[in-house]
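Remarks on the structure that follows.
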Amino acid sequence: EAGVAQSPRYKIIEKRQSVAFWCNPISGHATLYWYQQILGQGPKLLIQFQNNGVVDDSQLPKDRFSAERLKGVDSTLKIQPAKLEDSAVYLCASSPGQGLMNTEAFFGQGTRLTVV
Amino acid sequence: AQSVTQPDIHITVSEGASLELRCNYSYGATPYLFWYVQSPGQGLQLLLKYFSGDTLVQGIKGFEAEFKRSQSSFNLRKPSVHWSDAAEYFCAVGAGDSWGKLQFGAGTQVVVTP
């Protein structure tokens with residue numbers, strides 16, 4: 001079974017530029033998550049989708065971050081304009097459903113963003 | 001609000017020696033607790049989880065963890081480490097209804113020496 005695919009793996013941009021990350025979840029997984037992992041910290045949830053609807057985006061900085069999951073499969077996360085503090089690894093994860101009890105979330109390898 | 005503390009930022013252990021990683025949590029109700037491992041350039045992989053029942057939980061790769069409610073702890077152990085266990089380990093607590101509501105600790109970096 002193919003895992004969660006993310007691209008690009010690495011990205012370096014200048015501050016105030018825009019950037020987009022792409023995620024292809026495991027086939028059939030209804031729930032998709034974007035996490036931000038700043039160096040030295042644990043991952044922090046940015047946004048959670050159930051199919052193509054947003055379940056939770058309370059920690060997404062909406063003035064500069066946006067995300068979409070058209071057709072309930074692939075997802076893109078965009079930052080515009082980027083700030084230095086956005087330097088982090090952006091992890092995508094997917095799970096068959098939301099519930100904790102009988103499934104788990106599978107993580108992609110992440111996109112490492114460096115803003116200079 | 002829930003929180004997770006991993007007191008050790010970095011641990012060095014000899015191959016074949018035992019390993020224990022500490023995790024303390026703060027959560028009002030019965031917590032759902034997890035340990036993840038992240039190898040260099042890889043995503044997070046679930047090692048084990050505790051929801052209820054037996055407080056000693058067995059996971060993959062020979063790891064186990066013990067839930068101690070009185071100490072608000074969920075420490076991870078392995079009797080004999082292998083060089084391939086070098087990685088970063090994250091403890092996480094769940095809000096109860098969704099994988100998306102996990103609160104992660106800052107992680108413990110494990111280095112394995114020959």
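Quick note on labels: first sequence line is chain A, next is B, and so on, each numbered from 1. Here the structure is a predicted model, which means the values were calculated and not measured. Below, all heavy atoms of this structure are taken into account, side chains as well, without hydrogens, waters or symmetry copies.
Annotation: maximal heavy-atom pairing with chain A below 4.5 Å, among B/Q45, B/Q38, B/Q103, occurs at B/Q38.
Summarising the local packing, CG of A/L84 is surrounded by more than 12 heavy atoms from other residues, nucleotides or ligands at distances under 6.0 Å. The neighbour count for B/L56 CG, taken as heavy atoms of other residues, nucleotides or ligands under 6.0 Å away, is above 12. Residue-environment remark: NZ (A/K62) exceeds the threshold of 12 foreign heavy atoms within 6.0 Å.
Minimum interatomic distance between A/A105 and B/Y36 (heavy atoms only, all atoms of both residues): O-OH, 4.5 Å. Nearest heavy-atom pair across A/Y35 and B/L102 is OH-CB, 4.3 Å. Counting all heavy atoms, side chain and backbone alike, A/Q37 lies closest to B/F90 at NE2-CZ, 3.1 Å.
By the rule that hydrophobic residues join a cluster once side-chain heavy atoms approach within less than 4.5 Å of another member, B/I60 and B/V37 end up as members of one cluster. In terms of hydrophobic clustering, with Ile, Leu, Val, Met, Phe, Trp and Tyr side chains grouped at heavy-atom distances under 4.5 Å, A/Y33 and A/I79 are assigned to different clusters. Placement of A/L91 and A/V55 in two distinct hydrophobic clusters is found when ILVMFWY residues are connected by side-chain heavy-atom separations under 4.5 Å, directly or transitively.
With a 4.5 angstrom heavy-atom cutoff, B/E88 does not touch chain A via any of its atoms. Heavy atoms of A/Q59 lying under 4.5 Å from chain B are absent altogether. Within the 4.5 angstrom heavy-atom criterion, no atom of A/R112 approaches chain B. Of the atoms belonging to A/Q48, it is side-chain heavy atoms, and not backbone ones, that fall under 4.5 Å from chain B.
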